[in-house]
Amino acid sequence: MTSPQDSVHTYTHPYIPNAVPAVRQAMLEEIGAAGVEDFYADIPDGIRLHRPLDLPAPLRSEAELTRHMEELLGRNTSTRQALSFLGSGCYQHHVPAVVDEVVNRSEFLTAYAGEPYEDHGRFQALWEYQSMMAELLDVEIVNVPVYDGFQASGTALRMAGRITGRRRVLVATAIDADKLSRIRDYVRPDHDVTVIPVDPDTGCVDLGAVREALAAGDTAAVYADTPSALGIVDEALPRLAELAHEAGALYVVGCNPITLGVLAPPSTYGADIACGDIQPLGLHQSFGGGNAGFIATHDEERLVAEYPSRLFGLVPTSVEGEYGFGDVAYERTSFALREEGKEWVGTAAALHGIGAGVYLALMGPQGMREIGETILALTAYARRSLAEVPGIEVPYGDALHFADFTVRYTGGRTAAEIRAELKERGIFGSTPTGTHEAAYCVTEVHTRADIDRLAATLKEIVK
């Protein structure tokens, strides 16, 4: 009888390349590995599975496989099929038809790699995206998109650590639990993350606690999100920059780019590095996907030298009046440095960057202002409407909120129970943030009638 590990080595899977046992053995011998287990030696034993994945047998017919996948996908209900107030990092925004029309062109959709000398169209499109993002963020340098906003935050903090040579990272605003987990994982080899609790009454930064933490002199970066995980746009953001710089730390701000038609970009109030996710800029939710991360700085050598990701620029060619598009400062990337790279550059989300570029070009400055004003107005209306529902409190009343906001249920029902009942009524409602607390979100796709329906439904549920 063979062990689970033996079966892995002798089974040929029809979907997995190089699964033929003889081919696998030849590859192992070529690199001098005794077995696949050698590759997993650094993974702690406590999180190892120690058995093959419990997967069904592969369907060998393409028709069977297609039918099976369509059945699985058919179980999903998208936010376009229900009234959704979900947010917290993946937002429902209107995606203009022209965005899909451009990104689904074959020269963009299938051009994963390519180089400047053979793929000018894709490189120019990404340069245009970088240029518009730089204008939106009021900086000179924006990277080709990385995997998602969580990775962008982790990379920005590691950049700050390399510049300052320090180890500690302070998180000063309320932060999403999933985002914090990803940041911790990403910076763990070089940095310790300290979260400074926000003021429980206001939901805003506790400046006294931040100042006290900075006194140790070991902080590489102060990190803030705007809006925070509570949806708050904190008035203390400029003061955080002053405190960070007085302590010799860098100031890193994660921001939602769709706010920047109405809110000041981080660079204007002292941020050394801005970062975030471009999902709100013309990217579909895709059942929780559709993400891509940006990092933005001024054109300072100490900052640019620490970008691990690709930067595209424009240069004249030998033909007068002709320009080309390609990598800038390529020698700082892991593509050039290989194992000596400061940080590995993996799969880029370049197609999403092209989509965001189309969105920004279509919206323009006036469109970005209008969408920001609309979301601010709807957020205020939603908070007022839910505050009028008996059994619901809306905390942090004096703080400016954008899209996301928190409610507290005071009638004894839990947030999970209320979410389940909303779902039964065709509403994707709250994201529970505690036993009796939850987050809601509104964007430009919502109407006042949608919010009124939510308030009326909650009144039935919580009474």
Side-chain angles (χ1 to χ4, degrees), residues 47 86-93 133 137 142-162 168-196 220-232 250-260 266 271-297 306-310 334 342-353 355-356 402-404 431 433 439 441:
I47 61 174
L86 299 174
S88 300
C90 189
Y91 299 98
Q92 185 182 14
H93 292 286
M133 284 293 290
L137 290 153
V142 177
N143 65 323
V144 175
V146 294
Y147 188 72
D148 62 12
F150 291 2
Q151 183 198 340
S153 296
T155 291
L157 291 169
R158 291 188 60 154
M159 288 170 61
R162 291 193 291 270
R168 191 150 66 128
V169 169
L170 297 184
V171 177
T173 56
I175 186 170
D176 179 83
D178 289 337
K179 184 175 190 176
L180 177 61
S181 175
R182 179 75 67 85
I183 288 174
R184 287 189 192 277
D185 287 343
Y186 211 74
V187 307
R188 183 179 288 121
D190 300 305
H191 301 289
D192 301 316
V193 179
T194 299
V195 178
I196 307 296
V222 174
Y223 180 85
D225 270 330
T226 181
S228 73
L230 299 174
I232 293 174
L250 266 61
Y251 186 32
V252 180
V253 176
C255 71
N256 182 340
I258 209 164
T259 66
L260 300 181
D272 300 288
I273 308 174
C275 53
D277 202 304
I278 59 173
Q279 187 273 325
L281 303 179
L283 307 187
H284 294 284
Q285 287 183 293
S286 299
F287 300 98
N291 298 93
F294 70 86
I295 303 168
T297 67
E306 297 304 333
Y307 274 87
S309 46
R310 299 183 81 173
S334 60
K342 300 169 185 174
E343 187 178 329
W344 177 249
V345 178
T347 298
L351 185 66
H352 288 329
F402 188 99
D404 292 304
T431 303
T433 56
C441 175

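All residue numbers in this chain count up from 1 along the given sequence. Fair warning: this is a prediction, and the values are worked out from it, not measured in the lab.
Atoms CD and OH, from Q151 and Y186 in turn, are 4.0 Å apart once rounded to the nearest 0.5 Å. Interatomic distance, CG of D176 versus CG of D225, reported as 8.5 Å (0.5 Å rounding). The distance from the CD1 atom of I175 to the OG atom of S181 is 10.5 Å, given to the nearest 0.5 Å. If you take CG on D277 and CD1 on I258, they are separated by 12.0 Å, rounding to the nearest 0.5 Å. Taking OG1 of T155 as the start and CD1 of I295 as the end, the distance is 5.0 Å to the nearest 0.5 Å. A distance of 10.5 Å separates OH of Y223 from OH of Y251, quoted to the nearest 0.5 Å.
Residues that satisfy the side-chain contact (heavy atoms from CB on, under 4.5 Å) test with A172, not counting sequence neighbours, are V205, V210, V222, L240. Taking the salt bridge (charged side-chain N to carboxylate O under 4.0 Å, His left out) definition, one finds that D190 meets it with R158, sequence neighbours left out. D404 meets the salt bridge (charged side-chain N to carboxylate O under 4.0 Å, His left out) test with no other residue; sequence neighbours excluded.
The shortest non-hydrogen separation linking A156 to I273 is O-CD1, 3.5 Å. Of all heavy-atom pairs spanning A220 and A160, the tightest one is O-CB, 4.2 Å. When every heavy atom of S286 is checked against every heavy atom of G290, the shortest pair comes out as CB-N, 4.1 Å. Closest of all the heavy-atom pairs between A221 and L157 is CB-CD2, 3.9 Å. Scanning all heavy atoms of the two residues, the minimum distance from A152 to C275 falls at O-CB, 4.0 Å.
In this structure, S334 and E343 have side chains that are not in contact, with every pair of non-hydrogen atoms separated by 4.5 Å or more. Within the 4.5 Å cutoff, side-chain heavy atoms of R162 are placed close to those of P308. Residues C90 and Q285 meet the side-chain proximity criterion, which asks for heavy atoms closer than 4.5 Å. Taking 4.5 Å as the limit, every side-chain heavy atom of L86 sits out of range of all side-chain heavy atoms of Y91. For the pair T226/F402, no side-chain contact is recorded, criterion being any heavy-atom separation below 4.5 Å from C-beta on. Here the side chains of L260 and L137 are in contact, with some heavy-atom distance below 4.5 Å. Between V195 and L180 the shortest side-chain heavy-atom distance falls below 4.5 Å. By the 4.5 Å heavy-atom criterion applied to side chains, I278 and L283 are counted as neighbours.
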message: If you apply the rule side-chain contact (heavy atoms from CB on, under 4.5 Å), what do you find for V193 with R188, and how did you get there?
response: CA-CA 8 Å; V193 179; R188 183 179 288 121; over 6 Å; no
message: Checking S309 against V144 for the side-chain contact (heavy atoms from CB on, under 4.5 Å) test, could you report, in this order, the C-alpha distance in whole Å, the side-chain angles of both residues, the deciding distance, and whether it holds?
response: CA-CA 7 Å; S309 46; V144 175; 6.0 Å; no
- request: Please lay out, stage by stage, how I183 and H191 fare under the test side-chain contact (heavy atoms from CB on, under 4.5 Å).
  value: CA-CA 10 Å; I183 288 174; H191 301 289; over 6 Å; no
- prompt: Does the pair F294 and N143 meet the rule for a side-chain contact (heavy atoms from CB on, under 4.5 Å), with working shown?
  reply: CA-CA 6 Å; F294 70 86; N143 65 323; 4.0 Å; yes
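A distance-only check finds no donor-acceptor pair linking the side chain of S228 to the backbone of T173 [under 3.5 Å].
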